[in-house]
There are 2 protein chains.
Amino acid sequence: MQQLEDLVSSLREEGFRITPQRVAILEYLLRTDDHPSAEYIHQVVKKQYPMVSLSTVYKTLDLLKEKKLVGQIEVGGETRFDAHTDAHINLVCMNCGKIDDLDENSLNEIQSRAAKKSKYLILNANFELFGYCNDCKSKFN
Amino acid sequence: MQQLEDLVSSLREEGFRITPQRVAILEYLLRTDDHPSAEYIHQVVKKQYPMVSLSTVYKTLDLLKEKKLVGQIEVGGETRFDAHTDAHINLVCMNCGKIDDLDENSLNEIQSRAAKKSKYLILNANFELFGYCNDCKSKFN
DNA sequence: TATTAGTTGATAATGATTCCTAATTAATAA
DNA sequence: TTATTAATTAGGAATCATTATCAACTAATA
Ligand SMILES: [Mn+2]
Ligand SMILES: [Mn+2]
Ligand SMILES: [Zn+2]
Ligand SMILES: [Zn+2]
């Protein structure tokens, strides 16, 4: 994601209103490299703005998805959001729930090769690897 | 997936019972290259065995996931199952809902590179590309 | 300061998945 | 074949993340 000010003014230009709720959610997403659930975003944002409702979190996330400012992945039946919008690999630990990002240059190339072969118009990509992280894998030798 | 007979005997060897319900679900998954939801599998299987319940479909799918005989992907909030268990790309049409498979050799290589870099023990991979299929993309130029 | 359309928050509704359990049955051996 | 028994099933209830609804609120504008 970009800078808060840029995002705010581009949203305002498009006719969206800049509310404290939206700013708080954006601020959190900008500073974290976490992959939070809607519920978790709600918890975090409430510390600063206790009046923010979960409905608003969902609606703001819809808006940001629409604008391609956040991505969405589903892990273990739970939806998680991702402010890292370039094509990358999400490594999901099936034990502790952690999600790490891994940049991988060849993904873009694969994506355009797939578009050509399949004749699909590609708009979005998800690359997920599931397993056990370095801390957890010893427990499962 | 493999041949029905092989699957049946290996399941039986492991102490699982071979019920008509399980055989019907396996047969369907073996012959389709579709990416059906649990609900859809239930509809299909009911034509042959009208007494099969949705609970049993879910439980059988759990078993097959456990045995790594089917994979699971989440698209548009809905869970879909995939009997194509080698690493491949799933192309999801966001208009008509179709899901096409695309084999891509480099995925295995990426996967082992990611495992080395991240120190994760990788057990499962999902590669999904979302967009519009060749038939649908004209409608969205 | 008034106007107004976009936004919010609280709550209800939805729906896919999971849970529960009495009845059924596949597997095995007598 | 029949009896035994533990696994499995059917189906209804429960769960819970997400969506829908709408009256109250407010950001933007003049
Ligand atoms: Mn990520
Ligand atoms: Mn597939
Ligand atoms: Zn871990
Ligand atoms: Zn299509």
Side-chain angles (χ1 to χ4, degrees), chain A residues 4-5 7-28 35-67 70-82 97, chain B residues 4-5 7-26 28 35-67 70-81 97:
Chain A
L4 183 63
E5 293 73 27
L7 293 172
V8 162
S9 33
S10 82
L11 286 172
R12 209 194 306 265
E13 267 169 32
E14 293 184 74
F16 296 104
R17 293 193 180 164
I18 306 308
T19 63
Q21 292 90 334
R22 286 178 172 171
V23 172
I25 293 166
L26 268 174
E27 276 177 337
Y28 167 59
H35 294 74
S37 63
E39 183 61 54
Y40 186 79
I41 294 171
H42 185 220
Q43 296 307 324
V44 170
V45 168
K46 267 207 300 193
K47 286 177 194 158
Q48 202 179 352
Y49 298 92
M51 81 295 294
V52 177
S53 73
L54 184 55
S55 311
T56 296
V57 172
Y58 274 110
K59 270 176 286 198
T60 300
L61 287 168
D62 276 348
L63 172 63
L64 298 178
K65 277 191 287 177
E66 198 87 18
K67 299 279 149 232
V70 300
Q72 173 177 340
I73 62 179
E74 324 265 339
V75 359
E78 196 187 23
T79 301
R80 303 288 206 89
F81 298 90
D82 191 346
Chain B
L4 183 64
E5 292 72 26
L7 293 173
V8 162
S9 33
S10 82
L11 286 172
R12 209 192 307 263
E13 267 169 34
E14 294 184 72
F16 296 103
R17 291 193 181 166
I18 305 309
T19 64
Q21 293 91 333
R22 286 178 171 170
V23 172
I25 293 166
L26 268 174
Y28 167 59
H35 295 72
S37 63
E39 182 61 53
Y40 186 79
I41 294 170
H42 185 219
Q43 296 307 324
V44 170
V45 168
K46 265 206 303 193
K47 285 177 195 158
Q48 201 178 354
Y49 298 93
M51 79 297 294
V52 176
S53 73
L54 184 55
S55 312
T56 296
V57 173
Y58 275 109
K59 268 174 288 198
T60 302
L61 287 168
D62 276 349
L63 172 63
L64 298 178
K65 278 190 288 177
E66 199 87 19
K67 298 279 149 237
V70 300
Q72 172 178 340
I73 62 179
E74 324 265 340
V75 1
E78 198 187 21
T79 301
R80 305 286 208 90
F81 297 90

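Numbers restart at 1 for each chain; the letters A, B, ... are given by sequence-line order, proteins then strands. Keep in mind that this is a model prediction, so the values were computed, not measured.
As judged by a 4.0 angstrom heavy-atom cut-off over every strand, A:Ser37 is placed among residues making no nucleic acid contact.
Rounded to whole Å, atom C1' of C:dT8 lies 11 Å from atom CD1 of A:Ile25. Atom CG of A:Leu61 and atom P of C:dT8 are 12 Å apart (whole Å). In this structure, CZ of A:Arg22 is placed 9 Å from C1' of C:dT8, rounded to the nearest angstrom. A:Asp62 has its CG atom 13 Å from the C1' atom of D:dA17, to the nearest Å. Note: CG (A:Leu54) to P (D:dC16) measures 15 Å, nearest angstrom. Between B:Lys65 atom NZ and C:dT18 atom C1' there is a gap of 11 Å when expressed in whole angstrom units. For the pair A:Glu78 CD and C:dT18 P, the interatomic distance rounds to 14 Å; values are reported in whole Å. Atom-to-atom, CG of A:Leu64 to P of C:dT7 comes out at 12 Å; the value is rounded to the nearest Å.
Remark: A:Glu66 CD is loosely packed, at most 12 non-hydrogen atoms of other residues, nucleotides or ligands lying under 6.0 Å away. Within 6.0 Å of atom CZ in B:Phe16, more than 12 heavy atoms from other residues, nucleotides or ligands are found, so the atom counts as buried in its surroundings.
At distances below 3.5 Å, not a single donor-acceptor pair connects side-chain atoms of A:Arg12 with backbone N or O atoms of A:Ile18. A donor-acceptor contact shorter than 3.5 Å is absent between the side chain of B:Arg80 and the backbone of B:Val75. Using a distance-only test at 3.5 Å, with no hydrogens or angles considered, a donor-acceptor pair links the side chain of A:His42 to the main chain of A:Val52.
The side chain of B:Thr79 places an N or O atom within less than 4.0 Å of a non-bridging phosphate oxygen (OP1 or OP2) of C:dT17. Phosphate proximity of D:dG11 to B:Ser55: absent, as no side-chain N or O sits under 4.0 Å from OP1 or OP2.
Interatomic distance, OG of B:Ser53 versus NZ of B:Lys46, reported as 10.0 Å (0.5 Å rounding). Taking NZ from A:Lys65 and OG1 from A:Thr60, the interatomic distance works out to 11.5 Å, rounded to the nearest 0.5 Å. The distance from the CD atom of A:Glu78 to the NE2 atom of A:His35 is 13.0 Å, given to the nearest 0.5 Å. Atoms OH and CD1, from B:Tyr49 and B:Ile25 in turn, are 11.0 Å apart once rounded to the nearest 0.5 Å. Note that the OH atom of B:Tyr28 and the OH atom of B:Tyr40 stand 5.0 Å from one another [nearest 0.5 Å]. Atom CD in A:Glu39 sits 12.5 Å away from atom OG1 in A:Thr79 (nearest 0.5 Å).
Stem list for DNA chain D (at least 3 consecutive Watson-Crick or G-U pairs, distances under 3.5 Å): C:1-30 with D:1-30.
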#### Entry: Letter per nucleotide, 5' to 3', of nucleotides 22-30 of chain D [B base touched, S only sugar-phosphate touched, - untouched; heavy atoms, 4.0 Å]
----BBS--
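If A:Thr56 and B:Glu74 are placed on DNA chain C by their nearest nucleotide, the residue sitting closer to the 5' end is A:Thr56.
Residues A:Asp62 and A:Lys59 are not paired through a salt bridge, judged by the lack of any N-O separation under 4.0 Å between the basic side chain and the carboxylate.
Looking at the side chain of B:Ala38, the nearest of the listed nucleotides C:dT17, D:dT8, D:dA10 is C:dT17.
Using a 4.0 Å cutoff on non-hydrogen atoms, the parts of residues 44-53 of chain A near DNA chain C are A:Met51, A:Val52, A:Ser53, ordered by number.
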